[in-house]
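Here is the structure we will look at.
Quick note: numbers below take in every heavy atom, side chains included, and nothing from hydrogens, waters or symmetry partners.
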Amino acid sequence: QVLLVESGGGLVQAGGSLTLSCAASGFIFSIDAMGWYRQAPGKQRELVAAITDGGTTNYADSVKGRFTVSRDNLKNAVSLQMNSLKPEDTTVYYCYMRARERLGPYDDYWGEGTQVTVSS
């Protein structure tokens with residue numbers, strides 16, 4: 001069983017910072033990418049930030065320059081440093097991982113989500 005455990009969500013004032021963390025456990029042979037998505041009410045889930053095994057990063061235009069995604073390969077973990085937070089960043093954030101077990105294909109894994117609320 002592969003499990004993603006998220007932490008770091010909470011309430012912060014506009015202009016403040018939060019760090020989201022996600023650690024993967026289970027029989028993981030190789031991770032292709034890890035990152036974070038978010039989904040506002042009535043909207044589709046969208047990519048916030050991701051980092052590949054090779055270190056390539058991708059960010060949503062709305063968070064470029066404010067958010068930084070990083071990966072700890074030894075711990076199979078990913079973090080999202082969020083600075084200069086805005087009320088429009090308020091939503092549920094989901095950890096994402098594309099990985100495979102030793103004899104399996106690459107597959108997508110999701111955390112259960114963590115709430116980020118930015119007050120104005």
Rounded distance [0.5 Å steps], [atom1] in [X] versus [atom2] in [Y]:
| X | Y | atom1 | atom2 | result |
| --- | --- | --- | --- | --- |
| Lys75 | Ser25 | NZ | OG | 14.5 Å |
| Ser120 | Leu85 | OG | CG | 13.0 Å |
| Gln115 | Thr90 | CD | OG1 | 7.0 Å |

Do side-chain atoms of Tyr59 reach the backbone of Val69 as a donor and acceptor pair under 3.5 angstrom?
-> yes
Counting N and O atoms only, with roles assigned by atom type, does the side chain of Thr57 sit under 3.5 Å from a partner on the main chain of Ile51, one being a donor and the other an acceptor?
-> no
What residues form a side chain to side chain contact (heavy atoms under 4.5 Å, CB included) with Ile28, not counting sequence neighbours?
-> Val2, Ala24, Ile31, Asn76, Met97, Ala99
Donor + acceptor pair across side chains of Gln81, Thr19 (<3.5 Å) = yes
Set of salt bridge (Lys or Arg N to Asp or Glu O under 4.0 Å) partners for [X], sequence neighbours left out:
| X | answer |
| --- | --- |
| Asp53 | Arg71 |
| Lys43 | none |
| Arg66 | Asp89 |

Looking at [X] and [Y], what are the two nearest heavy atoms and their distance?
| X | Y | answer |
| --- | --- | --- |
| Arg100 | Arg102 | NH1-O, 3.7 Å |
| Trp36 | Cys22 | CZ2-CB, 3.6 Å |
| Ser17 | Ser84 | OG-N, 4.4 Å |
| Leu20 | Met82 | CG-CE, 3.7 Å |
| Ser21 | Ser79 | OG-OG, 3.6 Å |
| Ala49 | Leu80 | CB-CD1, 3.8 Å |

With side chain to side chain contact (heavy atoms under 4.5 Å, CB included) as the test, would you mind laying out the steps for Arg38 and Val63 before giving the verdict?
-> CA-CA 12 Å; Arg38 65 187 181 187; Val63 308; 4.0 Å; yes
Tyr96 meets the ring pair (Phe, Tyr, Trp, His ring centres under 6.0 Å) criterion, sequence neighbours left out, with Tyr37, Trp110
Ring pair (Phe, Tyr, Trp, His ring centres under 6.0 Å) partners of Phe67, counting only residues at least two apart = none
For Phe27, look at atom CZ and say whether over 12 heavy atoms of other residues, nucleotides or ligands are found less than 6.0 Å away.
-> no
Could you tell me if the side chain of [Y] sits less than 4.5 Å from the side chain of [X], heavy atoms only?
| X | Y | value |
| --- | --- | --- |
| Leu3 | Tyr109 | no |
| Gln39 | Val92 | no |
| Val78 | Cys95 | yes |
| Val5 | Glu112 | no |

Single-linkage hydrophobic cluster Val116~Leu4, side-chain heavy atoms < 4.5 angstrom = yes
